[in-house]
Amino acid sequence: MLKKSVVLLSLLLVFAMLFTACSPAAPAEEPVEEPAAEEPAEEPAEEPAEEPAEEPAAEEGAVGVGMGLVTSIAKSSDAGDNPARAQVDTVIATALFDAEGRVVDVIIDNAQTRVQYDEEMKVASDKSEEIKTKVEKGDEYGMLKASGIEKEWYEQIAALEEWMVGKTVEEIKAMPVKVVDDAHQNVPDVPELTSSVTITVEGYIEAIEKAYDNMIPVTGATQLGLGTKVSIAKSSDAGDDPARAQVDTTVAALALDDEGVVAEVVIDVAQTRVQYDEEGKVASDKAAPVPSKLERGDDYGMKKVSGIEKEWYEQIEALEDWMVGKSVEEITAMPLAEDVPDVPELTSSVTIGVDAYLAAVAEAYDRAR
């Protein structure tokens, strides 16, 4: 019995050893995984360098309006085989200019006014007749029949205006010109105008240059108008004194906003006299420049006879300031007392008669574009 127990015990030991030998070895201990090195925090995307503030674009549209007048009496004639005739040519140009000095819009006209005398040096022209400018005469001016390109004066001046738009005054002055004959010394010599302009243009270029030199600031102007009122009523016959023709060309340039309200207005008068002597010959210097009332400034001489001690240019400036911001209906409805403004704002600043100025402003509004 003891032997059986020993044998059984021995067998159990053998089996245990065999089991141990046959069992797979335990895997080597896995090393503890080291934690991954901490990734650096993601760098924020680089902010782009701040863009410099964009330069403001040059202001578009009109920033100034100006008007220029050029007057000549060179074509006035003496009495001789034919009676004397005074002729006053006042070229008018008004324009809107942009911030670069380029022409935004331009209107040109010519008040070619004649005062005819008879053999006794008395005024033969109708002093009360309405006097039209070349633009107002339209087809009646009569250039078409003498034009080699079959264009009336107003058509030719419209082509010249169109050519000027977008150009500076210096570019306009640099226009190539050619001599056609004694009466046409400065005809455009540019391909764009060959078939549309055969008139001589020196007076028109001088007037646009004056308009630029006289430019004043304007805001919100989108339309431009030009109006005129011409009178020969103050022309005189020969009598105790020799005859004297007088032509008063009142001009108004009107800058309007989109609503038709006056953004700015410029008024001037070419008060031109042609003096004759006892023999009916022109005594005035036909080559001398003829300044307008604005150009005369203090030399006009109104201050010494003015009850408010204001020169003409000072009074007209006050009238213009009153007009700005008003509609043409409000302007033409101005109360008057014997043709003088009867409004409190102008009592101490305007004592001149304004009928012709209001008429020119009204026409400028009607012709605005």
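For the single chain, residues carry numbers from 1 onward in sequence order.
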Side chain to side chain contact (heavy atoms under 4.5 Å, CB included) evaluation trace for V269 with W312: CA-CA 10 Å; V269 178; W312 186 88; 3.9 Å; yes
Derivation of the side chain to side chain contact (heavy atoms under 4.5 Å, CB included) call for L336 and D342: CA-CA 5 Å; L336 302 175; D342 189 20; 5.6 Å; no
Side chain to side chain contact (heavy atoms under 4.5 Å, CB included) between M323 and L319, intermediate numbers included: CA-CA 6 Å; M323 291 179 176; L319 180 64; 3.8 Å; yes
Side chain to side chain donor-acceptor pair (under 3.5 Å) assessment of D139 paired with Y154: CA-CA 8 Å; D139 292 323; Y154 71 89; 3.0 Å; yes
Working for side chain to side chain contact (heavy atoms under 4.5 Å, CB included), residues V187 and V179: CA-CA 6 Å; V187 174; V179 177; over 6 Å; no
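Side-chain contact between I73 and S284 is present, with at least one heavy-atom pair separated by less than 4.5 Å. A 4.5 Å side-chain heavy-atom check between V91 and E206 finds every atom pair outside the cut-off. Side-chain contact between V165 and E161 is absent, with no heavy-atom pair separated by less than 4.5 Å. Taking 4.5 Å as the limit, every side-chain heavy atom of V197 sits out of range of all side-chain heavy atoms of W163. Two residues are said to be in side-chain contact when any heavy atoms from C-beta on lie closer than 4.5 Å; D213 and V169 fail this criterion. Proximity of T198 to V180: side-chain heavy atoms (C-beta onward) are nowhere separated by under 4.5 Å. Contact annotation: the side chain of L160 approaches that of M175 to within less than 4.5 Å [non-hydrogen atoms, C-beta and beyond]. Within the 4.5 Å cutoff, side-chain heavy atoms of R85 are placed close to those of Q87.
Of the inter-residue distances, the one linking D268 atom CG with R296 atom CZ reads 10.0 Å to the nearest 0.5 angstrom. Separation of atoms NZ (K303) and CD1 (I308) is listed at 11.0 Å; rounding is to 0.5 Å. Atoms CG and CD1, on D126 and I232 in that order, are 7.0 Å from each other to the nearest 0.5 Å. Here the CD1-CE distance, from I316 to M302, works out to 9.0 Å after rounding to the nearest 0.5 Å. Between the CE atom in M143 and the CD atom in E155 there is a gap of 10.5 Å [rounded to 0.5 Å]. From I205, atom CD1 reaches atom CG of N186 across 7.0 Å, with rounding to the nearest 0.5 Å.
Considering V251, N214, L294, L254 as possible partners of M67, the one that fulfils the side chain to side chain contact (heavy atoms under 4.5 Å, CB included) test is V251.
Under the 4.5 Å side-chain heavy-atom criterion for ILVMFWY residues, a single connected hydrophobic cluster contains both V262 and V343. Connection of I208 to V266 is not established within any shared hydrophobic cluster, with ILVMFWY side chains joined at heavy-atom distances below 4.5 Å, either directly or through further cluster members. Side-chain heavy atoms closer than 4.5 Å link hydrophobic residues (I, L, V, M, F, W, Y) into clusters, and following such links, possibly through other members, connects L193 to V103. Side-chain heavy atoms closer than 4.5 Å link hydrophobic residues (I, L, V, M, F, W, Y) into clusters, and following such links, possibly through other members, connects Y300 to Y357. Hydrophobic clustering of Ile, Leu, Val, Met, Phe, Trp and Tyr side chains at less than 4.5 Å, counting indirect connections, unites M215 with M164.
Applying the ring-ring contact (aromatic ring centres under 6.0 Å, His included) definition to pairs two or more places apart or across chains, none involves residues 325-345. Every pair passing salt bridge (Lys or Arg N to Asp or Glu O under 4.0 Å) that includes a residue from residues 170-193 is listed here, sequence neighbours excluded: E170-K173, K173-E209.
No side-chain donor-acceptor contact under 3.5 Å links S125 to the backbone of V115. The main-chain N or O of I107 is never found under 3.5 Å from a side-chain atom of T94 such that the two would form a donor-acceptor pair. Judged purely by atom type and a 3.5 angstrom limit, D355 has no side-chain atom pairing as donor or acceptor with the backbone of D339. In this structure, the side chain of E311 engages the main chain of G301 through a donor-acceptor pair within 3.5 Å. A donor-acceptor pair is defined here as one N or O able to donate and one able to accept, closer than 3.5 Å; no such pair exists between the side chain of K310 and the backbone of S306. Distance alone, capped at 3.5 Å, places no donor-acceptor pair between the D118 side chain and the A124 backbone. The backbone N or O of T249 lies less than 3.5 Å from no partner atom in the side chain of Q271, so there is not a single donor-acceptor pair. At distances below 3.5 Å, at least one donor-acceptor pair connects side-chain atoms of K127 with backbone N or O atoms of S235. Between the side chain of S349 and the backbone N or O of Q315, no donor-acceptor pair lies under 3.5 Å.
Open room surrounds NZ on K234; 12 or fewer heavy atoms of other groups in view lie less than 6.0 Å from it. Around the NZ atom of K210, the shell of radius 6.0 Å holds more than 12 heavy atoms that belong to other residues, nucleotides or ligands. The neighbour count for Q185 CD, taken as heavy atoms of other residues, nucleotides or ligands under 6.0 Å away, is above 12. Within a 6.0 Å sphere centred on NZ of K137, other residues, nucleotides and ligands contribute more than 12 heavy atoms. Sparse packing is recorded around CD of E150, with 12 or fewer heavy atoms of other residues, nucleotides or ligands lying under 6.0 Å away.
Closest approach of I108 and A93 over heavy atoms only: CG1-CB, 4.1 Å. Closest approach of V350 to A318, counting heavy atoms only: CG2-CB, 3.9 Å. Contact record, K122 with A238: NZ-O, 4.0 Å, taken as the closest heavy-atom pair. Residues P242 and S236 share a closest heavy-atom pair of O-OG, 4.4 Å. For the residue pair L96 and A255, the shortest heavy atom distance occurs at CD2-CB, 4.2 Å. Nearest heavy-atom pair across I92 and A207 is C-CB, 4.5 Å.
Ring centroids of F97 and Y212 are separated by less than 6.0 Å, placing the two rings close together.
D78 and Y276 form no side-chain donor-acceptor contact under 3.5 Å, judged by distance and modelled atom types alone.
Between K281 and D277 there is no salt bridge, since none of the side-chain N atoms of the basic residue sits less than 4.0 Å from a carboxylate O of the acidic one. Note on D105 versus R369: salt bridge recorded, some NZ/NE/NH1/NH2 to OD/OE distance being below 4.0 Å.
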N/O donor-acceptor pairs under 3.5 Å from side chains in residues 358-366, not counting sequence neighbours:
| from | atom 1 | to | atom 2 | distance (Å) |
| --- | --- | --- | --- | --- |
| E363 | OE2 | T228 | N | 2.8 |
| E363 | OE2 | T228 | OG1 | 3.4 |
| E363 | OE2 | R367 | NH1 | 3.2 |

